[in-house]
Amino acid sequence: MSSNISCYNAMEIPSKFDAQKVEEKWYRYWLEHAFFKSVPDHRESYTIVIPPPNVTGVLHMGHMLNNTLQDIIIRRARMLGYNACWVPGTDHASIATEAKVVAKLKAQGIEKNTLTREDFLKYAWEWTDEYGGVILEQLKKLGCSCDWDRTKFTLDPELSESVINVFVSLYEKGLIYRGYRMVNWDPEAQTTLSDEEVIFEEKEGRLYHIAYSVVGSNDKVVIATTRPETLLGDTAICIHPEDKRYTHLKGKQVKVPIAERTIPIIEDDYVAMDFGTGCLKVTPAHDFNDKVLGEKHHLDIIDIFNPDGTLNTFGLEYEGLDRFVARKKIVKALEDQGLLLKIENHIHKVGTSERTRAVIEPRLSDQWFLKMEALAAPALNAVLHSDEIELVPEKFKNTYRHWMENIRDWNISRQLWWGHRIPAYYFGQGTNDYVVAITLKDALEKAKLKSGKDDLTIRDLHQDEDVLDTWFSSWLWPISVFDGIRNPNNKEINYYYPTQDLVTGPDILFFWVARMIMAGYAFRQERPFQKVYLTGLVRDNKGRKMSKQLGNSPDALGLIEEFGADAVRVGLMLSSAAGNDLLFEESLCQQGKNFANKIWNAYRLINGWEVDSKISSDHASQEALDWYEHYFQKTLKWVDDNFDKYRISDALMSIYKLVWEDFCSWTLELVKPAYGKPIDEVTHQRIVALFENNLRILHPFMPFLTEELWHFIKPRSPKEALTITHWPKITHFDMSLLNQFENMQEIVGGIRNFRKENNLSPKIKIEVYVANSILPLAFEASLKKLGGVSQVVYSKVGTGVKGGTFRVNALEFFIPLNQEENPEGERQKLEEELKYTRGFLTSVESKLSNERFVANAPDQVIAIERKKAADAQAKIILIEKRLSEL
RNA sequence: GGGCGCUUAGCUCAGUUGGUUCAGAGCACUUGGUUUACACCCAAGGGGUCGGGGGUUCGAAUCCCUCAGCGCCCACCA
């Protein structure tokens, strides 16, 4: 495969680049030659760990954006000579995957609750083995240069063991504890959620005004609530101690409607007197604040719900009904009893599950928590003070700080089966009758010790049923993929860690990024990565989030098939500044495809020239090649700067313009020999070398096309493949050379504009008169080639010659015209130009005559203004002269 | 309710410490081109009182104040 990998003969190269034809071939080639494989060596490492997608996920636009960025960065790092290592893998995504498996089983008529844990896990693994990793295959289609031999899964035995080790060690440090607390309960998934997994959505609700009878009087007290069904769990009514409206109620008791229980009226300044009726019902089992009130006032706790959100025996006649059904019925009952006084519309925020969208039920339960404060301190410092970790864009620093400073303990247990089972083992019924250990054997020893019972056996131990929050394994990812938890001094972790870049979305800044930083400092005393690049969300062209429900998300693989991977990568990169949302349109991919085709055809041109070693190069070619060499360097500097600042789309745009405008439209056009004529050898060599440099800097963005062309240019061995070649080094560039060429470009532009305005066909050769200057030799050659100029005459035009003029800077050009001239039109144009120039001059002069400007502005600025004035004066003289000649 | 950010051409966005190159880019648009690399193309061109108002300054897209609109994060007002 090494010598002649190209599938075309030079003569039959088609004018369209066919991406499908080459992508698979090159990906296979890269894998066969192990270009993406990394093992520790003498070079400096450059590491990226992939944000592991859900194992059962399929590639969507967000993944494409994210992974294209990572691939661009890692490919460039590879070319820069680093030992580049991109570690791929997938996440078991406990709740999401379990939900999918449950749904799939349900479709087959199997209910989860009829299965044992073991059976369910068997199904889950079957599912994982079948669909897991599909997404990784899709990443290959995108061209991702991951070291696939390193592919990891968060439920792999080594990674699982790392998670358990970490749990045990945190427990032993006293950072993990069990607590009976109010947690976020997802009634659909029937598990708790961390605070971060709850999304508050603004919803239109109702505020129900309900009357409670005061015991021992005919008085009623009216409360306002959004959740009337929870009155069955009420254990108090609360008023503000200073609320004059209710002083007569102090110390009284009221009767809960329907439940007919008697509960006290308590006083607390927590109550807002101006909200609702100023009177609050207290349900400690089902509201975070009521729980606090309940503890303060030693109230009873009545939990009225089953785990699935239906009412339990405290629900009385409503037992078994769903909470929302019960709400309706209870409202009806209250209405019938005349206790429902008013229903107001009320907009409020409702917590919903990030995964299932179910309305969250605050619920008291036994859960495991991780103390966060101590872990957060070094992580906060690293981002905010020491700058060991850089967030891009920087604006996320504030968000990060706010979260870290107000961090609360992390609820890490989940009532699920798919995940890392909590290594706690119970040996008795007491709240403290458990031990935490890595292995069952250790657990038994510890249990014996703790219980004082030497005759305990493994059968007496019962492992906690819960699993750990997915993020409790993901937060170790940069460490655990290199086995740095279990073997903290192994060669790999020491070589690859800390990693360089993390590319991910801001939506998981807290879930994941912040926690990885904490884990990095906690378990390795070192940052996990240097830079965090936070991408934007991919939206559709109307600014809507891409989602399955809206059906506005294009099929990622379909796009690759339609436009080619390179084109899709370019399309995504063209408008995706860091942190800014990306409004995606297919037309961006079309633009990428057009670009790929442009490059393809540029090579077809070069490739098609006949090379003659006996002729020598001309002035125009030399000038163009000299210029492009320097201009390339200038652009490369800009590109490298942009890469350093993670401005990947700016980097791409400058390469896009460099190749399309500067290389194709200027350099190639100037170098191009006349039709049928050969090109000289030196020029040909130079243009090929320049084209190769273009391919180098294009390669991270468009790996397939560039590798294809790279091997077109000449047969190359795998050692010389573009993927592992070097990124160009910046050398000096000469500004005066660049300026001079730019001057020539402006003159060509002037001529072309003149042609257009005077309807001069490009086929008609023209003479150009320059009266007040001599142009460099190379200019003349370039003007002839690009402007259709037959010759440049350095003299004034003879009297009576018809024609027109145009000016570039301080140069005036005259072009004779055979056709009938239009003196009135010419006069009008000149007068407009004169008027504008005079106005410009006046403004500059007024600036210069302003004493304070001259006194305060830097000399450089004043000099510029003087030059502007002088140029304008010269131009005015030229125009006036021309006008007088008309 | 608190915090952060955004508003520049029809669209998506650059614009680094106020002053060369400051009013830009790409796309779209208009006009003219089948010149054998490319119509997935070439050439030329038209678009903006930089969200409104006020201020500081010799000088403001850039700094300050204010208003309006949009977005994000955080927060227990039932």
Side-chain angles (χ1 to χ4, degrees), chain A residues 13 15-17 200 207-208 223-227 230 238 270-272 274-283 287-292 346 348-349 362 393 395-403 406 506-507 509-510 537 541 543 563 567 574-577 579-585 587-588 590-609 641 645 647 649-650 653-654 656-657 660 664-665 668-669 672 675-676 742 748-749 752-757 759 761-763 786 788 847 850-858 860-865 867-868:
Chain A
I13 304 173
S15 67
K16 305 270 184 272
F17 168 59
F200 285 91
L207 194 59
Y208 301 88
I223 57 91
T225 180
T226 53
R227 300 201 58 193
T230 61
C238 189
Y270 160 74
V271 177
D274 56 352
F275 185 89
T277 61
C279 205
L280 174 73
K281 73 191 224 16
V282 185
T283 322
D287 185 280
F288 285 93
N289 305 307
D290 290 10
K291 169 79 186 336
V292 175
H346 176 63
H348 64 141
K349 298 256 177 116
K395 66 181 178 187
F396 287 108
K397 264 190 180 180
N398 284 320
T399 320
Y400 180 87
R401 185 184 64 213
H402 188 261
W403 191 74
N406 296 285
D507 50 332
L509 183 59
F510 306 138
L537 250 54
N541 59 2
F563 298 100
L574 274 178
S575 95
S576 86
N580 277 7
D581 288 352
L582 160 63
L583 273 65
F584 182 81
E585 287 187 75
S587 64
L588 289 168
Q590 185 59 49
Q591 196 183 341
K593 190 175 175 180
N594 294 352
F595 185 44
N597 201 51
K598 183 71 187 176
I599 301 163
W600 177 261
N601 277 295
Y603 185 65
R604 281 183 68 222
L605 177 67
I606 296 171
N607 184 59
W609 287 330
D641 280 352
K645 293 175 190 155
R647 301 177 61 140
S649 82
D650 287 343
M653 184 46 78
S654 48
Y656 179 93
K657 283 191 280 190
W660 201 309
C664 293
S665 296
L668 283 183
E669 290 302 329
K672 189 199 262 182
Y675 179 62
E742 200 178 312
V748 169
R752 286 169 169 172
N753 187 12
F754 183 89
R755 279 180 176 279
K756 174 91 178 175
E757 285 189 350
N759 275 323
S761 155
K763 283 177 184 160
L786 299 182
K847 208 186 265 188
N850 183 334
E851 280 172 34
R852 286 193 290 181
F853 171 75
V854 180
N856 292 319
Q860 201 190 7
V861 174
I862 296 170
I864 288 154
E865 293 299 319
K867 173 88 167 52
K868 278 190 201 166

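Residue numbering restarts at 1 for every chain, and letters A, B, ... go by the order of the sequence lines.
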Query raised in the report: In whole angstroms, how far is the P atom of B:rC72 from the CZ atom of A:Phe200?
Result: 16 Å
Query - Separation between the P atoms of B:rC74 and B:rU16, rounded to whole Å - result: 30 Å
Report task. Measure the distance from CG on A:Leu583 to P on B:rU12 and round it to the nearest whole Å. Result -> 6 Å
Query raised in the report: Atom CZ of A:Phe17 to atom C1' of B:rA39: distance rounded to whole Å?
Result: 19 Å
Query raised in the report: Looking at B:rC76, B:rA25, B:rC77, which one has an atom nearest to any side-chain atom of A:Met653?
Result: B:rA25
Query - Contact nearer the 5' end of RNA chain B, comparing A:Arg604 with A:Arg401 - result: A:Arg401
Report task. Grab the NZ-C1' distance between A:Lys756 and B:rG32 for me, whole Å please. Result -> 3 Å
Query raised in the report: Distance between the C1' atoms of B:rU8 and B:rA60, in whole angstroms?
Result: 14 Å
Query - Nearest-Å distance once atom P is located in both B:rC6 and B:rA78 - result: 31 Å
Query raised in the report: Considering only side-chain heavy atoms of A:Trp660, which listed nucleotide, B:rG15, B:rA78, B:rC42, is closest?
Result: B:rC42
Requested in this report: Starting from C1' on B:rA44, measure out to CZ on A:Arg755 and report it in whole angstrom.
Outcome: 12 Å
Query raised in the report: In terms of base orientation, is B:rG47 syn or anti, with the syn window spanning 90° either side of 0?
Result: syn
**Report entry** Heavy-atom closest contact (A:Thr283 atom, A:Thr230 atom, distance)
**Finding:** CG2-O, 3.4 Å
Report task. Determine: side-chain N/O of A:Lys763 to OP1/OP2 of B:rG33, distance under 4.0 Å, yes or no. Result -> no
**Report entry** Euclidean distance, atom NE2 of residue A:His402 to atom P of B:rA75 [Å, nearest integer]
**Finding:** 8 Å
**Report entry** Side-chain donor-acceptor contact under 3.5 Å, A:Asn601 with A:Arg604
**Finding:** yes
Query - Heavy-atom closest contact (A:Leu588 atom, A:Leu583 atom, distance) - result: CD1-O, 4.0 Å
Query raised in the report: Can you find a donor-acceptor pair, distance only, under 3.5 Å between A:Glu669 side chain and B:rA37 base?
Result: yes
Report task. Could you measure between the two P atoms, the one in B:rU62 and the one in B:rA9, and give it in whole Å? Result -> 15 Å
